[in-house]
Undergrad: 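Dumping the structure here so I can ask a few things about it.
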Amino acid sequence: MADEKLPLRSENYSEWYNQLIQRAELADYAPVRGCMVVRPYGWALWENIQQALDKRFKATGHQNAAFPLFIPMSFLEKEKEHVEGFSPELAVVTIGGGEKLEEPLVVRPTSETVIGYMYSRWIKSYRDLPVLINQWGNVVRWELRTRLFLRTLEFYWQEGHTAHATEQEAEEETRRMLDVYTDFAVNEAAVPVIPGMKSATEKFAGAARSYTIEAMMGDTKALQSGTSHNLGQNFAKAFEIQFLDQNNVLQHCWTTSWGLSTRFIGAIIMTHGDDQGLKFPPRLAPIQVVIVPIFRSEEERARVMPVVEQVKGMLSDLRVKVDDRSEVTPGFKYNDWEMRGVPLRIEIGPKDIEKGSVALARRDIPGKEGKQFVSQDGLAETVKNLLEDIQKSMLEKAREFRDANIHEPRDYAHLQEIVQDGWAFAHWCGSSACEAKVKEDTKATTRCIPLEGGKSKGACIVCGEPAEYKVYFAKSY
RNA sequence: CGGGGUGUAGCGCAGUUGGCAGCGCACCGCGUUUGGGACGCGGGGGUCGGCGGUUCAAGUCCGCCCACCCCGACCA
């Protein structure tokens, strides 16, 4: 790399973000504007995210399937709000095999419509319900302004699509999957999120209700990190997804959809990263432990390497990398792997061979305080405990940061001040006019009505009219 | 799509009044190094974003186009 140091987060947060992603080899810019290449290290992180989520989807009764990339244009047009929401950002194929197509094909921006069409063919009876399907795939949304991971023209995600016999079941499913996302974010990614409901203006185009998990990034901006929608009967009516109930009455289904994308990688980067670089939570880190062997001569090398291999063997149930590059110094490797976010580093040198020790350095505690010498005996246990401790500390640290940057405004002027660098938690009457005013005055939007602590009577912070609940206002990505 | 900026080696940049296309890092080879970002010597690498114009001569001057980045209006 040309420059050794990253830009400081405090000086230029977005430059820090962009450079870090490229230097750590998570992703690179593709030859097409707004598209990214996810590189092996970034994809390995995504695979770990996929595994953690997929396990939870299966445990809640879902199955995976795959639906087509192309959707007939007419499908999108069947749900009014849906097409209005998505038409400005559609990529449309008009030529195939050199011939102009009879009907243009949309590259899926999301799959409610094709899946709805298929469900209408598959569902006949209440006995067919519920249908619980998830798909891992890619979608395209023609965004004007793009950022690696946060907003790219094409992104990777999972989208769950379910159909139910009753409104209540659909709502339960929507909330269950929001809980799954919350559990994943908090316990796997160490990203403390606030689950809540989106306002009418912020909800998904075509949904009856949208839920979200909102996370605070290192610059205090909010990031919608996952969403779960109760689609009511909107898509069921548009695509005639109908079933005969126990009383032989034809009814429309109640459907849901929920998604989490590669954007979440952006959430991990910006929740945990520091001026030194990435900081990955141990549970999701592509490399959990890096071993740096240290030797000066061939003779020392011959003594050190067998122990390195032995230690690696002791940690065989972890994702361990031995950095045996001979062309760079240990000091370079320390900085390199810290930049790449590896949670724990083990150094093994001649002194350790003599003492039967190794040096351990925690990524989450910089410098000497994070470094300790421990015995090789029981190392597997020591490392396992340490990784768990790192996981826990990272969540704690992120939570403290978030809570320290959420404030309850005294009045509207105070709210305007708060959202310049933090989140405001305040009563809101529910009118979109008040939301719009805040947005116009401050660029901050309502993020969500939290499921916990949201219900509260008071006066709207904007207009003073009676309010039934409190919401978070913040600038967002 | 509006405002601003940048395009010269993989990356970061310099290039004077128009006159043989350079520097640092990275890369390759050899040697010395290695517990917090090593060093020496020797190498390889370029349609100067594209097209057109002015000129004996264009990286440099003029015109048009394109791409990317940043800031705004929209979004997982």
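Order of the sequence lines fixes the chain letters, A, B, ..., with proteins taken first and strands second; residue numbering starts at 1 for each chain.
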Undergrad: Does B:G24 have a Watson-Crick or wobble partner in any strand here, with both distances under 3.5 angstrom, and which is it?
TA: B:C11

Undergrad: Does a donor on one side chain sit under 3.5 Å from an acceptor on the other, for A:Gln158 and A:His62?
TA: no

Undergrad: What is the nucleic acid contact for A:Arg325, judged by heavy atoms within less than 4.0 Å: base, sugar-phosphate only, or nothing?
TA: nothing

Undergrad: Over how many whole Å does the gap from A:Phe332 atom CZ to B:U34 atom P extend?
TA: 18 Å

Undergrad: For B:U17, give the paired nucleotide (Watson-Crick: N1-N3 plus N6-O4 or O6-N4; G-U: N1-O2 and O6-N3; both under 3.5 Å), or none.
TA: none

Undergrad: Would you mind reading off the distance between A:Met36 atom CE and B:C68 atom C1', rounded to a whole angstrom?
TA: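 From A:Met36 CE to B:C68 C1': 17 Å.
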
Undergrad: Classify the ring geometry between A:Phe184 and A:Phe264 as parallel (under 30°), tilted (30 to 60°) or perpendicular (over 60°).
TA: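 Because their plane-to-plane angle lies in the 30° to 60° range, the rings of A:Phe184 and A:Phe264 count as tilted.
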
Undergrad: Would you check if the distance from the ring center of A:Tyr156 to the ring center of A:Trp136 is below 6.0 Å?
TA: no

Undergrad: Take the protein atom CG of A:Asp275 and the nucleotide atom P of B:G37, then report the distance between them rounded to whole Å.
TA: 19 Å

Undergrad: When you measure from the side chain of A:Lys371, which nucleotide among B:G35, B:A38, B:G36 comes out closest?
TA: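 So the side chain of A:Lys371 is nearest to B:G36.
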
Undergrad: Rounded off to whole Å, could you give me the CG-to-C1' distance for the A:Asp323 and B:G35 pair?
TA: 14 Å

Undergrad: For atom C1', what is the distance between B:G24 and B:G45, given to the nearest Å?
TA: 15 Å

Undergrad: Does A:Ser261 make a side-chain donor-acceptor contact with the base of B:A76, cut-off 3.5 Å?
TA: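 In this structure, the two groups form a donor-acceptor pair.
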
Undergrad: Atom CD of A:Gln22 and atom C1' of B:G12: how far apart are they, to the nearest Å?
TA: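 Those two atoms, CD and C1', are 13 Å apart.
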
Undergrad: Atom CZ of A:Phe204 to atom P of B:A76: distance rounded to whole Å?
TA: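 Rounded to the whole Å, the gap is 8 Å.
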
Undergrad: Do other residues, nucleotides or ligands put more than 12 heavy atoms under 6.0 Å from A:Lys80 NZ?
TA: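 No, the 6.0 Å shell around NZ holds no more than 12 heavy atoms from other groups.
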
Undergrad: Would one find more than 12 heavy atoms of other residues, nucleotides or ligands at under 6.0 Å from atom OH of A:Tyr117?
TA: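 Open.
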
Undergrad: Do other residues, nucleotides or ligands put more than 12 heavy atoms under 6.0 Å from A:Lys221 NZ?
TA: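 Yes, enclosed.
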
Undergrad: Across all strands, who's sitting opposite B:G72 as a Watson-Crick or G-U wobble pair, both distances under 3.5 Å?
TA: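 When the pairing criteria are applied, B:C1 turns out to be the nucleotide that pairs with B:G72.
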
Undergrad: Relative to the 5' end of RNA chain B, which residue comes earlier, A:Arg141 or A:Ser14, by the nucleotide with the nearest heavy atom?
TA: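 Comparing both residues, the 5'-ward one is A:Ser14.
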
Undergrad: Over all strands shown, is A:Lys368 touching base, sugar-phosphate only, or nothing at heavy-atom distances under 4.0 angstrom?
TA: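 Since no nucleic acid heavy atom lies under 4.0 Å of A:Lys368, the category is nothing.
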
Undergrad: Base, sugar-phosphate alone, or nothing: which one does A:Thr152 contact when heavy atoms must sit under 4.0 Å apart?
TA: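 Contact class for A:Thr152: base.
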
Undergrad: Counting only side-chain heavy atoms from C-beta out, which of B:C69, B:G35, B:A76 sits nearest to A:Phe155?
TA: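 For the A:Phe155 side chain, the nearest candidate turns out to be B:A76.
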
Undergrad: Pick base, sugar-phosphate or nothing for A:Gly349, based on heavy-atom distances below 4.0 Å to the nucleic acid.
TA: base

Undergrad: Can you tell me which nucleotide in B:G35, B:C1, B:G37 comes closest to the side chain of A:Asn335?
TA: B:G37

Undergrad: Within the 4.0 Å heavy-atom criterion, would you say A:Leu150 contacts the bases, only the backbone, or no part of the nucleic acid?
TA: base

Undergrad: Using whole Å, what does the distance between atom C1' of nucleotide B:G36 and atom CD1 of A:Ile346 come to?
TA: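 Spelled out: CD1 on A:Ile346 to C1' on B:G36 is 17 Å.
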
Undergrad: Counting only Watson-Crick pairs (N1-N3 plus N6-O4 or O6-N4) and G-U wobbles (N1-O2, O6-N3), all under 3.5 Å, who is the partner of B:U6?
TA: B:A67

Undergrad: Please figure out whether A:Lys439 or A:Glu327 has its closest RNA chain B nucleotide nearer the 5' end.
TA: A:Glu327

Undergrad: Partner of B:U55 by Watson-Crick or G-U wobble geometry, both contacts under 3.5 Å, or none?
TA: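 The base-pairing partner of B:U55, which may sit in any strand shown, does not exist here.
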
Undergrad: Heavy atoms only, 4.0 Å cut-off, all strands: where does A:Pro88 land among base, sugar-phosphate and nothing?
TA: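 The answer is nothing, as A:Pro88 stays clear of every strand by at least 4.0 Å.
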
Undergrad: Looking across every strand, which nucleic acid part, if any, lies under 4.0 Å from A:Glu440 by heavy atom: base, sugar-phosphate, or nothing?
TA: nothing

Undergrad: Determine if A:Trp157 stacks with B:A76; use a centre-to-centre distance below 5.5 Å and an interplanar angle below 30° as the criteria.
TA: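 The base of B:A76 is not stacked with A:Trp157 (the test needs centres under 5.5 Å and planes under 30°).
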
Undergrad: Check whether the ring centres of A:Phe425 and A:Tyr472 lie less than 6.0 Å apart, and answer yes or no.
TA: yes

Undergrad: Would you jot down, in residue-number order, the residues of residues 281-305 of chain A having a non-hydrogen atom under 4.0 Å from RNA chain B?
TA: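 Correct list: A:Ile294, A:Phe295, A:Arg296.
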
Undergrad: Taking the six-membered ring of A:Trp157 as reference, does the NZ or CZ atom of A:Arg141 fall below 6.0 Å from its centre and within a 45° cone about the axis?
TA: yes

Undergrad: Is A:Asp352 touching bases, backbone alone, or none of the nucleic acid, heavy atoms closer than 4.0 Å?
TA: base

Undergrad: To the nearest Å, give me how far apart CD (A:Glu143) and P (B:C1) are.
TA: 16 Å

Undergrad: Are a donor atom and an acceptor atom from the side chains of A:Tyr412 and A:Asp441 found within less than 3.5 Å of each other?
TA: yes

Undergrad: Could you tell me whether A:Arg108 sits above the aromatic face of A:Phe70, with NZ or CZ closer than 6.0 angstrom to the six-membered ring centre and within 45 degrees of the axis?
TA: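 Here A:Arg108 fails the 6.0 Å and 45° test against A:Phe70.
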
Undergrad: Which is true for A:Lys333 with a 4.0 Å heavy-atom rule: it touches a base, it touches only sugar-phosphate, or it touches nothing?
TA: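 The residue A:Lys333 makes no contact with any strand.
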
Undergrad: Name the pairing partner of B:C30, where a pair is Watson-Crick or G-U wobble with both distances under 3.5 Å, or state none.
TA: B:G40

Undergrad: Can you tell me which nucleotide in B:C69, B:G35, B:A76 comes closest to the side chain of A:Asn18?
TA: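 Nearest to the side-chain atoms of A:Asn18, counting from C-beta on, is B:C69.
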
Undergrad: Please classify the nucleic acid contact of A:Gln224 as base, sugar-phosphate, or nothing, using heavy-atom distances under 4.0 Å.
TA: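 The residue A:Gln224 makes sugar-phosphate contact but no base contact.
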
Undergrad: Roughly how many Å apart are B:C27 and B:G22, using the P atom of each and rounding to a whole number?
TA: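 My reading of the P atoms in B:G22 and B:C27 gives 23 Å.
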
